Amino acid sequence: MGRRPTFDTADVVRASRDLFWDRGFDGTSLPDLEAVTGLARSSLYHAFGSKRGLFDAAVDDYLSEVVAPRLALLTGPGGPDAYFAYLARDLAAADERRRGCLLVDTTAGPAARDDALAAVVTSYRRRLFDAFCTALTARGDRDVETTARVLTTMNIGALALARVDRDEALAVVAAARRVATPPADVSEAHAPGR
């Protein structure tokens, strides 16, 4: 009978997630993972099977701990404005390491040559697009799909830019908030006596 792990798997996954988020899959070495988790390579392999197995666990954690709460804001009562306000605060507060998005950053690396990972990234983009569609439909916007596609693209662009130019990423988020803000009712703006 094998020994039981003497470490908290969730803590190991979270520490690894943050390292992958900072350095990407290709830029993270096994010695880096050993250092950040405090585990020997053999323990990491026993628990996760491979560096890729640990990365997959980190991506799952990222989806549930970072992406899901953001999407809940988007489809909640505050809609796109609340979502982009939160994203702006998050990007402004991020340190040099954890800027941007683990999944967006992955598209420039392993996702380009890994069908399973590409499917995860594509699923994330689809979930974001669907959440924008839901929020825009709920408030009665016209041309929901076009606006959702523009907002999704701006969102992903801001997350990609955040790695290299936080100010421009924040400018893109501010522009996305303006795009997401429903225009004032034209009939009221042009009503007689106004």
Side-chain angles (χ1 to χ4, degrees), residues 1-76 83 86-87 89-91 93-134 152-166 169:
M1 180 185 241
R3 293 186 318 169
R4 300 187 91 161
T6 57
F7 56 87
D8 184 331
T9 302
D11 288 342
V12 169
V13 168
R14 200 166 300 113
S16 300
R17 176 201 72 193
D18 290 347
L19 187 62
F20 286 126
W21 194 350
D22 174 30
R23 299 183 182 173
F25 179 80
D26 292 335
T28 301
S29 68
L30 281 169
D32 295 334
L33 290 166
E34 289 174 306
V36 77
T37 64
L39 297 177
R41 184 175 307 206
S42 60
S43 295
L44 291 171
Y45 274 107
H46 181 72
F48 301 99
S50 64
K51 174 183 163 184
R52 175 54 192 271
L54 181 53
F55 181 75
D56 289 343
V59 167
D60 287 343
D61 182 75
Y62 182 81
L63 288 168
S64 65
E65 298 298 318
V66 177
V67 171
R70 283 182 182 171
L71 293 180
L73 278 174
L74 179 55
T75 57
Y83 173 81
Y86 175 84
L87 186 59
R89 284 191 305 274
D90 197 35
L91 291 176
D95 63 21
E96 295 296 320
R97 297 176 310 111
R98 291 182 51 200
R99 288 187 186 165
C101 172
L102 174 64
L103 296 174
V104 170
D105 296 343
T106 298
T107 62
R113 59 187 182 278
D114 183 314
D115 291 341
L117 191 50
V120 170
V121 172
T122 298
S123 173
Y124 160 67
R125 188 214 45 86
R126 185 63 198 201
R127 286 175 62 193
L128 182 60
F129 173 77
D130 289 346
F132 277 120
C133 283
T134 298
T152 299
T153 302
M154 292 178 83
N155 183 94
I156 290 171
L159 291 172
L161 279 170
R163 297 290 282 185
V164 295
D165 189 342
R166 182 192 330 228

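These figures come from a predicted structure and were not determined experimentally.
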Rounded distance (nearest 0.5 Å) linking atom [atom1] of [X] with atom [atom2] of [Y]:
| X | Y | atom1 | atom2 | result |
| --- | --- | --- | --- | --- |
| Ser123 | Leu63 | OG | CG | 7.5 Å |
| Leu87 | Leu159 | CG | CG | 5.5 Å |
| Leu39 | Leu33 | CG | CG | 10.0 Å |
| Leu54 | Tyr45 | CG | OH | 10.0 Å |
| Leu74 | Phe132 | CG | CZ | 5.0 Å |

Is there a donor-acceptor contact under 3.5 Å from the side chain of [X] to the main chain of [Y]?
| X | Y | result |
| --- | --- | --- |
| Arg163 | Asp22 | yes |
| Lys51 | Phe25 | yes |
| Thr122 | Ala118 | yes |
| Glu34 | Ala40 | no |

Run the side-chain contact (heavy atoms from CB on, under 4.5 Å) check on Val59 and Thr106 step by step: do they pass? CA-CA 10 Å; Val59 167; Thr106 298; 5.5 Å; no
Going through the checks in order, is the side-chain contact (heavy atoms from CB on, under 4.5 Å) test met by Leu117 and Arg52? CA-CA 10 Å; Leu117 191 50; Arg52 175 54 192 271; 3.7 Å; yes
Determine the minimum heavy-atom distance between [X] and [Y], stating which atoms define it.
| X | Y | result |
| --- | --- | --- |
| Ala162 | Gly100 | CB-N, 3.6 Å |
| Ala57 | Val13 | O-CG1, 3.4 Å |
| Ala160 | Val104 | CB-CG1, 3.8 Å |
| Ser16 | Thr37 | OG-CG2, 3.4 Å |
| Tyr62 | Leu102 | OH-N, 3.4 Å |
| Ala131 | Leu71 | CB-CD2, 4.0 Å |

Thr152 and Asn155: CA distance, side-chain angles, deciding distance, side-chain hydrogen bond (donor to acceptor under 3.5 Å, both in side chains) verdict: CA-CA 5 Å; Thr152 299; Asn155 183 94; over 6 Å; no
Decide yes or no for Leu128 and Tyr83: does some side-chain heavy atom of the first lie under 4.5 Å from some side-chain heavy atom of the second?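 Side-chain contact under 4.5 Å: yes.
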Residue pairs, two or more places apart or on separate chains, that pass salt bridge (Lys or Arg N to Asp or Glu O under 4.0 Å) and touch residues 61-76: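 Counting only pairs at least two positions apart or across chains, the salt bridge (Lys or Arg N to Asp or Glu O under 4.0 Å) contacts touching residues 61-76 are Arg17-Asp61, Arg70-Asp90.
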Run through Thr28, Asp32, Asp18 and flag the one making a side chain to side chain donor-acceptor pair (under 3.5 Å) with Arg23.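 Between Arg23 and the candidates, side chain to side chain donor-acceptor pair (under 3.5 Å) is satisfied uniquely by Asp32.
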With ring pair (Phe, Tyr, Trp, His ring centres under 6.0 Å) as the criterion, how do Phe48 and Phe55 come out once you've worked through the C-alpha distance, each side chain's angles and the decisive distance to 0.1 Å? CA-CA 9 Å; Phe48 301 99; Phe55 181 75; over 10 Å; no
If the condition is salt bridge (charged side-chain N to carboxylate O under 4.0 Å, His left out), which residues does Asp11 pass it with, not counting sequence neighbours? Arg14
